[in-house]
Amino acid sequence: MALAALAGLTTMATAAETSTKGWAAKCDAPICRASKPSASGLQALLIGRFETGDGIAVGLAAPGAVVDRDRPMTLRIDGRRIGDLVPRSGYLPYERVETFWITDTGAARALVDALPTARTVRFEYIDVTGAPHDADIDVAGFSEILAWSDRELGRTTAKPTGVVPRGLEPAPNPGRAALVVRMGVPPRLLAKHVAASDCEAPNSPLLRAFKPVIGVLSSTAILYSIPCTASQGNVSFRLWVVESGEIGGITAQYFALFDPTYGWRGSDLLHNVAYDEANARLVATLRAGAGCGGRGVWRWKSWAFAMEEYRMAADCVEGADPAAWPKVWPKD
């Protein structure tokens with residue numbers, strides 16, 4: 001995954017390429033880049049030669065687990081802690097939202113000094129969903145990649161030194177919510193969803209056209225609405241809240257729905273879900289026919305969704321707006 005994401009970092013019409021011991025490298029003088037995936041495949045170590053001389057910039061690409069750019073990263077070499085990379089002064093995102101480069105000169109130098117003889121490099125960080133990650137990279141083969149880039153650039157690097165990257169465009173900053181959506185449903189949640197429900201598989205022919213509805217509820221809570229079934233123009237979703245705070249965990253959500261025959265009942269499914277993050281507002285609308293059905297509105301309040309209103313139309317009126325259906329709760 002990481003190498004595929006890195007393939008588009010540069011477009012080199014006449015670039016020379018090589019690979020060795022898991023490294024992939026490209027050179028188009030005067031620039032060379034190389035990358036090697038982490039043990040998990042969620043990240044990759046980045047090496048860049050962006051200037052003349054022996055300077056080498058080092059970074060981390062994390063397309064599978066995007067770094068929370070407001071939290072520090074810890075850097076280790078062969079298990080030895082080098083230090084913490086502080087946001088903005090210690091590391092910065094360049095070119096893409098998932099690629100981060102070390103801008104702490106001391107840390108860059110310590111890392112590059114160690115690379116020729118080191119066995120592993122580790123970046124410890126928190127991703128935008130609040131999940132911790134250890135990006136472990138076996139750096140064997142670095143010296144071969146350095147020698148290859150020397151040949152391509154017509155240089156002889158006596159002693160590589162870590163530097164701050166030069167000439168790279170700042171990455172976009174779409175905000176945490178967009179990055180959370182970009183990451184999609186966490187694998188651990190997807191596994192729990194499949195094991196705990198009778199829903200269709202999300203990648204089945206029936207459901208693959210419908211995307212999860214994902215929204216940030218708070219600094220530590222994220223809503224994941226995963227499609228469950230699709231029938232007669234309605235898509236049902238099972239909703240989960242993933243917490244990354246002190247308590248943490250994954251919690252299935254249950255909601256009160258009104259049935260004109262049986263009254264109020266609880267359900268773990270909502271239909272045709274929409275979430276407005278600016279107002280922490282969840283809306284679900286079940287259409288039983290043209291102009292009739294049920295519509296609920298909930299708002300996230302600290303730790304749970306609180307119902308604001310529920311509307312139902314039993315008598316179908318073509319073209320009726322669900323927001324104007326008769327109110328069941330609260331009564332006016």
Side-chain angles (χ1 to χ4, degrees), residues 1-2 5-6 9 38 40 42-46 48 57-76 81-108 110-111 121-137 162 164-166 168-189 212-224 240-250 275-280 300-303:
M1 178 188 297
L6 292 172
L9 280 176
S38 64
S40 69
L42 296 175
Q43 308 91 1
L45 182 67
L46 305 178
V58 184
L60 181 75
V66 181
V67 177
D68 184 338
R69 61 181 72 189
D70 292 323
R71 302 199 200 200
M73 287 195 287
T74 296
L75 176 62
R76 296 182 186 273
R81 182 176 180 143
I82 299 302
D84 291 330
L85 303 175
V86 180
R88 287 169 285 282
S89 62
Y91 72 91
L92 281 170
Y94 287 104
E95 299 181 311
R96 294 189 175 191
V97 296
E98 71 271 18
T99 59
F100 298 83
W101 293 84
I102 296 175
T103 53
D104 179 322
T105 304
L111 179 51
V121 170
R122 168 180 283 188
F123 290 85
E124 299 171 357
Y125 71 92
I126 304 296
D127 73 21
V128 292
T129 71
H133 293 273
D134 295 334
D136 290 306
I137 304 101
V164 175
R166 305 293 182 190
L168 301 183
E169 291 293 326
N173 185 8
R176 178 172 174 242
L179 294 175
V180 168
V181 172
R182 179 190 181 100
M183 282 186 60
V185 179
R188 64 192 177 109
L189 171 57
V213 176
I214 302 172
V216 174
L217 301 172
S218 70
S219 61
T220 60
I222 300 172
L223 171 69
Y224 293 92
W240 304 83
V241 170
V242 175
E243 289 270 4
S244 61
E246 288 186 18
I247 299 176
I250 299 173
Y275 179 67
D276 172 13
E277 184 175 315
N279 298 298
W300 180 257
K301 292 188 175 180
S302 301
W303 59 273

Could you measure the distance from the [atom1] atom of [X] to the [atom2] atom of [Y]? Nearest 0.5 Å is fine.
X	Y	atom1	atom2	result
R76	D136	CZ	CG	10.5 Å
R122	L45	CZ	CG	14.0 Å
L42	D134	CG	CG	11.5 Å
I137	S40	CD1	OG	8.5 Å
I214	L223	CD1	CG	9.0 Å

>> If you apply the rule side chain to side chain contact (heavy atoms under 4.5 Å, CB included), what do you find for L111 with I82, and how did you get there?
In response: CA-CA 8 Å; L111 179 51; I82 299 302; over 6 Å; no

>> Checking R88 now: which residues fulfil salt bridge (Lys or Arg N to Asp or Glu O under 4.0 Å) with it, not counting sequence neighbours?
In response: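 Listed in chain order: D70.
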
Side chains of [X] and [Y], heavy atoms from C-beta outward: is any pair under 4.5 Å?
X	Y	value
Y91	V67	yes
V86	D104	no
P72	P87	yes

Run the side-chain hydrogen bond (donor to acceptor under 3.5 Å, both in side chains) test against [X] and tell me which residues pass, sequence neighbours left out.
X	result
D84	T74, R81
T129	D127
Y125	Q43

Might you point out which heavy atoms bring [X] and [Y] nearest each other, and give the distance in Å?
X	Y	value
W101	P165	CB-CG, 3.6 Å
G64	M183	O-CE, 3.9 Å
A177	V216	CA-CG2, 3.8 Å
P63	A61	CD-C, 3.4 Å
L168	Y94	O-CD2, 3.6 Å
Y275	A280	OH-CA, 3.3 Å

> In chain order, what residues pass the ring pair (Phe, Tyr, Trp, His ring centres under 6.0 Å) check against F123, with sequence neighbours excluded?
Replying inline: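 If we apply the ring pair (Phe, Tyr, Trp, His ring centres under 6.0 Å) test to F123, skipping adjacent residues, there are no hits.
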
>> Keeping T103 on the side-chain end and S89 on the backbone end, is there a donor-acceptor pair under 3.5 Å?
In response: yes

>> Strictly distance-based, threshold 3.5 Å: is any side-chain N or O of T220 a donor or acceptor partner for the main-chain N or O of E243?
In response: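 Not a single qualifying donor-acceptor pair exists.
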
>> L179: which residues meet the side-chain contact (heavy atoms from CB on, under 4.5 Å) condition with it, sequence neighbours left out?
In response: V66, R69, V97, V128, P174, R182

> Are R176 and I222 close enough, and set up right, to give a side chain to side chain contact (heavy atoms under 4.5 Å, CB included), and what steps lead you there?
Replying inline: CA-CA 11 Å; R176 178 172 174 242; I222 300 172; 3.9 Å; yes

